[in-house]
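Per chain, numbering begins at 1; letters A, B, ... match sequence-line order.
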Number of protein chains: 2
Amino acid sequence: MSEGTPDADVPDVSVDDIRCCCPVDGVLELVSGKYAIQVICLVGAVQPARYAEIEEALEDVSSSTLSNRLEELTEAGLLHRESYDEIPPRVEYRMTGDGEELCRLLQPLVEWANEREGSAL
Amino acid sequence: MSEGTPDADVPDVSVDDIRCCCPVDGVLELVSGKYAIQVICLVGAVQPARYAEIEEALEDVSSSTLSNRLEELTEAGLLHRESYDEIPPRVEYRMTGDGEELCRLLQPLVEWANEREGSAL
DNA sequence: CAGAATCCATTCGGATACTG
DNA sequence: CAGTATCCGAATGGATTCTG
């Protein structure tokens with residue numbers, strides 16, 4: 001210990017203890033895709049959400065990008081995609097249980113981020 | 001309202017109410033940079049952390065990438081960078097208040113993500 | 001309507017070499 | 001030690017076109 005300052009609320013951790021903590025594969029990478037968080041928030045809030053609805057709400061997302069995000073999130077088991085055999089076709093997206101959970105986890109982060117945009121920066 | 005199913009715990013929101021909710025500029029974009037979350041978690045936990053320490057803990061990050069991330073986070077006011085006039089030079093990174101807050105907000109997310117890696121996927 | 005496919009511009013990150 | 005600078009390949013996202 002080079003620092004001789006004992007501090008009650010700062011646990012005595014070294015980098016070695018941390019090394020295992022953040023794979024940041026999977027979910028975390030997914031979430032960092034463009035519009036991923038918005039999609040999650042949006043579907044979490046409006047549920048069920050249709051493709052066109054999401055596209056419009058995001059305003060400047062391209063269809064290919066939205067397509068990719070939706071597919072990734074669906075494959076990851078965060079969104080549930082239900083398509084109806086109608087003409088014109090209708091597809092509805094909902095959160096899965098995991099999706100809901102992630103959405104909940106994300107919310108404080110998003111709110112805090114929004115406040116920061118508002119005030120500082 | 002096409003769905004006529006009133007539901008107590010699902011608020012009656014339409015996409016229009018959401019549109020304003022997720023800028024995802026600033027913080028959220030920052031966080032999606034490669035290794036950004038790890039850096040935050042790491043510095044939050046070992047504090048103060050030196051460049052070489054972080055680099056080693058992240059194991060396969062390139063110096064340029066780490067450099068960028070550190071600079072971004074510092075500029076955004078999430079990290080505090082203190083350099084000492086010594087030879088060899090020493091630089092210490094700590095969290096700012098905002099950084100700590102973000103770190104706290106991130107933690108549940110990271111833990112949940114880690115659990116998911118472990119079990120499913 | 002809900003995408004899939006293609007093509008392209010830009011961005012991002014890694015490797016390497018160099019510096020105060 | 002703590003970076004910066006440069007170059008380059010890979011990955012990402014946007015625009016557009018087309019389709020069931």
- Expressed in angstrom and rounded to an integer, what is the separation of A:E59 atom CD from D:dA15 atom P? 14 Å
- From CG of A:L58 across to P of D:dG14 the rounded distance in Å is 10 Å
- Please determine if a side-chain N or O atom of A:R81 lies less than 4.0 Å away from the OP1 or OP2 oxygen of C:dA2. no
- Task: Check whether any side-chain heavy atom of B:Y84 sits under 4.5 Å from a side-chain heavy atom of B:E82, and report yes or no.
- Result: yes
- Minimum-distance nucleotide (side-chain atoms of A:K34 versus D:dT4, D:dG13, C:dA2): D:dG13
- Closest nucleotide among C:dG14, C:dA4, D:dA2 to the B:T65 side chain: C:dG14
- B:Y35 and B:N68: side-chain donor and acceptor closer than 3.5 Å? no
- Message: For A:L66 and B:N68, find the nucleotide of DNA chain D closest to each by heavy atoms; which residue's nucleotide sits nearer the 5' end?
- Response: B:N68
- Please give, in whole Å, the distance from D:dT12 P to A:R69 CZ? 8 Å
- Task: Look only at the side chain of A:T74 and the backbone of A:R81, and say whether a donor-acceptor pair between them is shorter than 3.5 Å.
- Result: no
- For the pair made of CG in B:L79 and P in D:dG3, what is the distance, rounded to whole Å? 11 Å
- Item | Contact check, side chains of B:D98 and A:W112, non-hydrogen atoms, under 4.5 Å | yes
- Query: If you check the A:R50 side chain, which of C:dA2, D:dA2, C:dT16 turns out closest?
  - Reply: C:dA2
- Message: Just the rounded figure in Å: distance from C1' of C:dC1 to CD of A:E92.
- Response: 13 Å
- When we call it a touch if two heavy atoms are under 4.0 Å apart, what does B:Y93 touch: a base, just sugar-phosphate, or nothing? sugar-phosphate
- Task: Indicate, yes or no, whether a donor-acceptor pair under 3.5 Å links the base of D:dA15 to the side chain of A:S64.
- Result: yes
- Message: Just the rounded figure in Å: distance from C1' of C:dA2 to CG of A:L70.
- Response: 10 Å
- From C:dG14, D:dG20, D:dA2, pick the nucleotide closest to the side chain of A:P89? D:dG20
- Message: Just the rounded figure in Å: distance from P of D:dC1 to CD of B:E86.
- Response: 13 Å
- Query: Is there a donor N/O on one and an acceptor N/O on the other, under 3.5 Å, for the side chain of A:S62 and the base of D:dT16?
  - Reply: no
- Passes side chain to side chain contact (heavy atoms under 4.5 Å, CB included), A:R116 versus B:L78? Steps please. CA-CA 11 Å; A:R116 253 182 75 103; B:L78 298 169; 4.0 Å; yes
- Query: Can you tell me how far C1' of C:dT19 sits from OH of B:Y51, to the nearest Å?
  - Reply: 14 Å
